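Here is the structure we will look at, set down as structure tokens.
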Amino acid sequence: MALMRSMLLAASQNTWLRENAVKLPFVRRSVSRFMPGETLDAALSAAQGLLQKKIGTVFTHLGENVADRDEAYKVADHYLEVLDRIHQVNLPTEISVKLTQLGLDLSPDFCFENLERIIQREKRNATVWVDMEASNYVDVTLDIYKRALKRHSNVGICLQAYLYRTKNDLVDLMPLRPSIRLVKGAYKESAAIAFPNKAAVDENYFTLATETLRAAAVGNCGRAAFGTHDVLLIRRIGDFVARQGMAKGELEVQMLYGIQRAEQERLAQEGCRSIVLVAYGTYWYPWFVRRLAERPANVWFLLKNAFAS
Ligand SMILES: Cc1cc2nc3c(=O)[nH]c(=O)nc-3n(C[C@H](O)[C@H](O)[C@H](O)COP(=O)(O)OP(=O)(O)OC[C@H]3O[C@@H](n4cnc5c(N)ncnc54)[C@H](O)[C@@H]3O)c2cc1C
């Protein structure tokens, strides 16, 4: 399993595959399980459907490592349009952005300006989430996040439980009253900086989750959100919330579109905050291959589609 994960994460960075695999009909059919479509309209329509089930949404326009200034500027412009559309149709949808899509590789200052343009357009005080990318971006992402948070309270950051450093990053962020989306982590990282086995990642996730919730209970954390599909872990965190005497509505779980749909609905019905991250756009290859790496069964699903075609 670890070997397959490694191979898939390496494949997610392969330019030839990115340019060619996306043209194959069975690959396109497989990705449709994880995204409602490539357009913003498709995402908006999925959000309307989820809202009827009391499930909130976060949109992300797929893309990363933009190397051209105009293109990065246009990505930020696109997010301004997304926010305008969300406001027009009165959806409680939030957005989540990748800093390398906003020009981080070109200049952190330019990237910050793009991020700030987006945050300023979010007039409802809803959260603008910042994704966490591979480990070489963690320092600069946290710097930009802190800079943004000092000027705007409605910005949240993703932290990855597989990194040893995250415990300290969390402590460092708390005086600023951050909003945290805790995930396990989706990139290929070495054992020198990340827990190499799943059980250790899960345990660290739970520890970090309890620390985040304790901080939220005393007002030191703006929002504590758990980005995971791990049902056992969600139950454990739910039990902790109950033991702390916190209301069910204070448990916020975010999942990806199309994964653990029954659990998304169960959480919403029980009064927890259930949110689905809806990804859309044409640049889905690396993101899709990271989803394959997370669950070997997804690779069989892809192969089944290949043989069915
Ligand atoms: C809302 C959200 C935002 C995220 N943002 C980031 C980010 O900014 N940076 C980052 O590094 N990572 C991000 N991730 C990805 C995350 O790091 C994990 O790679 C991913 O969530 C899988 O881990 P898990 O917590 O679901 O647990 P796992 O232990 O991997 O999975 C638990 C169970 O969930 C189900 N499951 C998990 N993944 C899949 C899948 N792809 N397909 C089908 N079933 C699956 C399976 O039943 C599995 O047994 C995000 C995830 C979510 C949900």
Side-chain angles (χ1 to χ4, degrees), residues 1-2 4-5 8-9 12 30-35 50 55-60 62-64 93-101 104 127-138 141-142 145 155-163 165-166 169 179-189 193-195 197-206 208-209 223-237 252-264 267 273-279 284 286-302:
M1 293 303 172
M4 192 193 280
R5 179 173 186 272
L8 285 165
L9 290 177
S12 74
S30 303
V31 79
S32 67
R33 183 181 165 187
F34 302 107
M35 46 189 274
L50 287 161
I55 297 174
T57 35
V58 174
F59 284 179
T60 195
L62 292 169
E64 46 203 79
T93 304
E94 297 179 328
I95 57 169
S96 195
V97 300
K98 277 198 178 4
L99 294 188
T100 66
Q101 199 186 7
L104 182 59
T127 306
V128 171
W129 293 97
V130 176
D131 285 7
M132 189 59 81
E133 301 179 61
S135 57
N136 52 319
Y137 290 111
V138 174
T141 301
L142 289 173
Y145 175 63
V155 55
I157 184 78
C158 177
L159 294 182
Q160 298 156 323
Y162 65 7
L163 296 181
R165 60 173 289 170
T166 298
D169 291 335
S179 285
I180 305 285
R181 178 179 74 213
L182 185 64
V183 302
K184 290 190 188 174
Y187 297 84
K188 186 166 160 41
E189 305 294 357
I193 59 165
F195 293 98
N197 77 64
K198 179 175 156 47
V201 176
D202 291 356
E203 211 40 49
N204 195 43
Y205 191 111
F206 182 69
L208 295 170
R223 238 165 102 183
F226 303 104
T228 182
H229 315 95
D230 188 331
V231 176
L232 286 178
L233 198 48
I234 294 169
R235 299 273 149 99
R236 254 180 106 188
I237 296 170
E252 173 170 346
V253 180
Q254 300 192 359
M255 298 193 198
L256 302 182
Y257 179 87
I259 302 181
Q260 302 281 31
R261 288 176 195 223
E263 183 68 5
Q264 293 167 8
L267 287 164
R273 203 161 179 192
S274 179
I275 310 273
V276 165
L277 190 141
V278 180
W284 43 260
W287 177 87
F288 171 59
V289 180
R290 288 200 292 273
R291 304 292 76 83
L292 296 182
E294 281 159 4
R295 193 165 184 245
N298 291 339
V299 178
W300 304 128
F301 174 69
L302 176 80

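The figures here come from the full heavy-atom set of this structure, side chains too, leaving out hydrogens, waters and symmetry mates. Remember, predicted model here, so these are calculated numbers, not experimental data. Counting convention: from 1, in listed order, for ligands and their atoms alike.
At a 4.0 Å heavy-atom cut-off, ligand 1 touches Ala186 through backbone and side chain alike. Under 4.0 Å from ligand 1, not a single heavy atom of Tyr205 appears. Under 4.0 Å from ligand 1, not a single heavy atom of Arg290 appears. Counting heavy atoms under 4.0 Å from ligand 1, residue Arg295 touches it through the side chain alone. Only the side chain of Ile259 comes within 4.0 Å of ligand 1, counting heavy atoms alone; its backbone N, CA, C and O stay farther away.
With Gln254, Met255, His229 as candidates, the residue nearest to atom 34 (O) of ligand 1 on a non-hydrogen basis is His229. Remark: among candidates Lys184, Glu133, Arg5, Lys98, the nearest residue to atom 27 (O) of ligand 1 is Lys184, based on non-hydrogen atoms. Of the listed residues (Ile234, Asp230, Asn298), the one carrying the non-hydrogen atom nearest atom 32 (C) of ligand 1 is Asp230.
For Lys198, the heavy-atom gap to ligand 1 drops under 4.0 angstrom. Heavy-atom separations between Arg181 and ligand 1 include at least one value shorter than 4.0 Å.
Geometrically, Arg291 does not engage Phe34 in a cation-pi contact defined by less than 6.0 Å to the ring centre and at most 45° from the axis.
Polar contact with ligand 1: present for Gln160 (N/O pair, distance under 3.5 Å).
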Residue pair Ser96, Arg181: steps toward the side-chain hydrogen bond (donor to acceptor under 3.5 Å, both in side chains) verdict: CA-CA 11 Å; Ser96 195; Arg181 178 179 74 213; 3.1 Å; yes
Audit row: Thr57, Thr93, side-chain hydrogen bond (donor to acceptor under 3.5 Å, both in side chains) steps and yes/no: CA-CA 5 Å; Thr57 35; Thr93 304; 2.9 Å; yes
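Closest non-hydrogen pair, Ala186 versus Arg5, comes out as C-NH2, 4.1 Å.
Of all protein heavy atoms, the one closest to atom 19 (O) of ligand 1 is Glu294 OE2, 2.6 Å. Here the protein heavy atom with the shortest distance to atom 50 (C) of ligand 1 is Val183 CG1, 3.6 Å. Scanning the protein heavy atoms around atom 52 (C) of ligand 1, the nearest turns out to be Leu256 CD2, 3.6 Å.
With Met132 as the partner, the side-chain contact (heavy atoms from CB on, under 4.5 Å) test is satisfied by one option alone out of Leu99, Val138, Leu163: Val138.
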